[in-house]
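Report on one structure; see the data block that follows.
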Amino acid sequence: MSQFDYDLFVIGAGSGGVRAARIAASHGARVAIAEEFRVGGTCVIRGCVPKKLYVLASRFADEFREAAGFGWTVPEAEFSWPKLVAAKEAEISRLERAYSANLEKSSVATFPSRAVITAPHTVQLDGGRSFTAGRILIATGGAPVKPNVPGVEFAITSNEVFYLPALPETMIIVGGGYIAVEFACLLQRLGVKVTLVYRGEAILRGFDDDVRRVLTEAMSAAGIEILIRTDLKHIEEDKAGGRRVTLTNGQTRHVGEIMVATGRKPNTVGLGLETVGVEINTAGAIAVDDQSRTTAPGIWAVGDVTNRINLTPVAIREGHAFADTVFGNKPWLADHRLVPTAVFSTPEIGTVGLSEEEARAECGGGVTIFQTSFRAMKATLSGSGDRVFMKLVVDKVTDKILGVHIVGEGAAEMAQLLAISVKMGATKADFDATMPLHPSAAEELVTMRTPVR
């Protein structure tokens, strides 16, 4: 009989923790998991799933307007924010029930409580109940960070925006990352006048420069005001119930709401990590090796709390690799190379591999760039100014595709499929030899013949 209550205790029931718990249990381990909020974690409850539902809702504004070009007569549309919020809540509640049911089917004990590590192999729940475990997995994710400026308590984050009782007429969004631009695009289409405030030179730092430029132009054309080299200085609550916002450029704006999307931090505070010697790195995340082991014996960590690549599929893959390796005698590592990603702005971005800037810095033999921009077929009748942008970054010596970058409708779906080709080492010659599928936007990926530089 084991000396521990459980073989594995997981702290955090987000996507990574749930996957690890279920896989470990499938290998015969006795598993427990604790979650202080709602099963499903950030992605399911207040992240990518509800956000994508809101993005889809916002795009109907364009669909209704553009339908006339295809012969449709559409009466003036009315949007109900409370109905969307209720529909979103019903869906994430369904997903939460599904996650919980799958844990139960896997015979994983679930505790709706905060859990902290109090000693080696020991966790304690709220209320004082303690359990011992042969191994502990930390999968507590991350949380939004608010900047340290006066009055920041009057601002909301990406957590609260999902539950606003009503949409404001005007909003300032502070930040230039994917969360900021996604909410700027979707809220503008839902009727909010949005100003995006970003301290940097261009939005979406880390993405390909051409992609950043194309999205900036599209957002501006949609009516979103973008203020670069500008930051938040001060927030006050005004007499009308809105917010009086002072910016570093000297402007003062009166808006209905202000949202800060200036970054996220790993959830490491108050977990008792210092008690057992779990190292926190300079980024404030749990330091782990390539097998997700922490510096403390018997403790692992996966997902955003490690600040490697903060994407849900990465957390799931890390959790699965941990469980197979430790409990299934099937060792393997989560591969963090060539991870495809998307920004669900409108137009959306899909990308995999290196940006042109990264490739030029890393590729000693030089790179060749192929790119195109064209009017989407739908736009020819709808009358919209929507365009599609595509870019291939190619190693000049090996002819391998180093990066693919797309801005336009369906970009995320294309990037997921293209990731397979790029992961397999496809060359530009392989793309050229592939027969185009006509008429489609994606055919342009295999018909670009003349490099632009």
Side-chain angles (χ1 to χ4, degrees), residues 51-85 87-88 167 169-171 173 178 181-196 203-204 210-226 342-351 370-392 404-418 435-448:
K51 175 200 66 185
K52 182 70 179 288
L53 293 173
Y54 283 11
V55 168
L56 294 172
S58 73
R59 290 177 179 171
F60 279 101
D62 297 333
E63 297 290 337
F64 291 135
R65 183 178 61 254
E66 296 171 9
F70 291 88
W72 290 93
T73 300
V74 181
E76 185 175 354
E78 293 183 4
F79 171 68
S80 170
W81 171 253
K83 285 184 178 180
L84 174 60
V85 173
K88 175 270 302 180
L167 285 180
E169 291 185 6
T170 55
M171 179 183 285
I173 297 178
Y178 70 96
V181 302
E182 286 171 340
F183 277 102
C185 290
L186 76 88
L187 290 170
Q188 180 80 13
R189 282 170 169 77
L190 293 179
V192 181
K193 178 61 179 174
V194 175
T195 297
L196 186 71
I203 60 173
L204 291 180
D210 282 322
V211 168
R212 301 165 77 187
R213 171 185 55 79
V214 169
L215 182 63
T216 298
E217 292 171 356
M219 291 174 65
S220 297
I224 299 169
E225 181 185 20
I226 301 176
V343 180
F344 289 104
S345 49
T346 302
E348 71 185 32
I349 296 169
T351 181
F370 297 82
Q371 69 183 48
T372 183
S373 176
F374 55 93
R375 194 179 188 189
M377 188 174 186
K378 182 179 177 183
T380 61
L381 295 188
S382 72
S384 79
D386 293 350
R387 298 184 68 81
V388 179
F389 173 82
M390 293 179 173
K391 180 174 183 177
L392 301 178
V404 183
H405 309 279
I406 306 169
V407 184
E409 185 175 356
E413 302 293 342
M414 284 186 267
Q416 174 65 91
L417 297 176
L418 286 162
M435 192 70 72
L437 190 159
H438 182 75
S440 69
E443 68 179 301
E444 298 289 335
L445 290 161
V446 299
T447 59
M448 287 185 274

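Basis for what follows: all heavy atoms, side chains included, without hydrogens, waters or symmetry-related copies.
- Between L204 and L215, some side-chain heavy-atom pair lies under the 4.5 Å cut-off.
- Distance check, rounded to the nearest 0.5 Å: CD of Q188 to NZ of K193 gives 5.5 Å.
- The shortest distance between side-chain heavy atoms of L186 and F344 does not fall below 4.5 Å.
- Applying the side-chain contact (heavy atoms from CB on, under 4.5 Å) criterion to T372, with sequence neighbours excluded, gives F374, M390, E444, M448.
- Qualifying side-chain hydrogen bond (donor to acceptor under 3.5 Å, both in side chains) partners for E409, counting only residues two or more places apart in sequence or in other chains: none.
- Sorted by first and then second residue, the salt bridge (charged side-chain N to carboxylate O under 4.0 Å, His left out) pairs with a member in residues 380-389 form an empty list; sequence neighbours excluded.
- Residues satisfying the side-chain contact (heavy atoms from CB on, under 4.5 Å) criterion with E413, sequence neighbours excluded, are absent altogether.
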Exercise for review: Report the C-alpha distance between I173 and L187 in whole Å, list the side-chain angles of each, state the deciding distance to 0.1 Å, and finish with yes or no for side chain to side chain contact (heavy atoms under 4.5 Å, CB included).
Suggested key: CA-CA 10 Å; I173 297 178; L187 290 170; 4.2 Å; yes
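- Residues satisfying the side-chain hydrogen bond (donor to acceptor under 3.5 Å, both in side chains) criterion with E443, sequence neighbours excluded, are H438.
- Residues passing the salt bridge (charged side-chain N to carboxylate O under 4.0 Å, His left out) test with R212, sequence neighbours excluded: D209.
- Every residue was checked against the ring pair (Phe, Tyr, Trp, His ring centres under 6.0 Å) condition with F389, not counting sequence neighbours, and none meets it.
- Shown here are the side-chain contact (heavy atoms from CB on, under 4.5 Å) partners of P82, two or more places apart in sequence or in another chain: S80.
- Side chain of T380 to main chain of M377: a donor-acceptor pair is present (N/O by atom type, distance under 3.5 Å, no hydrogens or angles).
- Residues passing the side-chain contact (heavy atoms from CB on, under 4.5 Å) test with A218 are P347, sequence neighbours excluded.
- For the atom pair CD1 (I224) and CG (L196), the distance works out to 7.5 Å, reported to the nearest 0.5 Å.
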Practice item. Quick one: do I226 and M219 satisfy side chain to side chain contact (heavy atoms under 4.5 Å, CB included)? Show the steps, please. Key: CA-CA 8 Å; I226 301 176; M219 291 174 65; 4.0 Å; yes
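- The local environment of CD in E225 is crowded, with over 12 non-hydrogen atoms from other residues, nucleotides or ligands closer than 6.0 Å.
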**Study point:** side chain to side chain contact (heavy atoms under 4.5 Å, CB included) evaluation trace for L84 with F79
**Key:** CA-CA 9 Å; L84 174 60; F79 171 68; 3.8 Å; yes
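- Under the rule for a salt bridge (charged side-chain N to carboxylate O under 4.0 Å, His left out), E169 has no partner lying at least two apart in sequence or in another chain.
- Side-chain atoms of I406 and L418, non-hydrogen and from C-beta on, do get closer than 4.5 Å to each other.
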Exercise for review: Could you give me the CA-CA distance, side-chain angles and deciding distance for F60 and L190, then say whether side chain to side chain contact (heavy atoms under 4.5 Å, CB included) is met?
Suggested key: CA-CA 9 Å; F60 279 101; L190 293 179; over 6 Å; no
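- Between Q371 and D210, the shortest heavy-atom contact is OE1-OD2, 3.2 Å.
- Scanning both residues, G350 and A411, for their nearest heavy atoms gives N-CB, 3.4 Å.
- When the shell of 6.0 Å around CG of L56 is examined, it contains more than 12 heavy atoms from other residues, nucleotides or ligands.
- The side-chain hydrogen bond (donor to acceptor under 3.5 Å, both in side chains) check on E182 picks up K51, with sequence neighbours excluded.
- Under the side chain to side chain donor-acceptor pair (under 3.5 Å) criterion, the residue pairs touching residues 56-75 are R59-T346, R59-E348, D62-R65, D62-R189, E63-K378, with sequence neighbours excluded.
- When all heavy atoms are compared, the tightest approach of V74 to A67 is CG2-CB, 3.9 Å.
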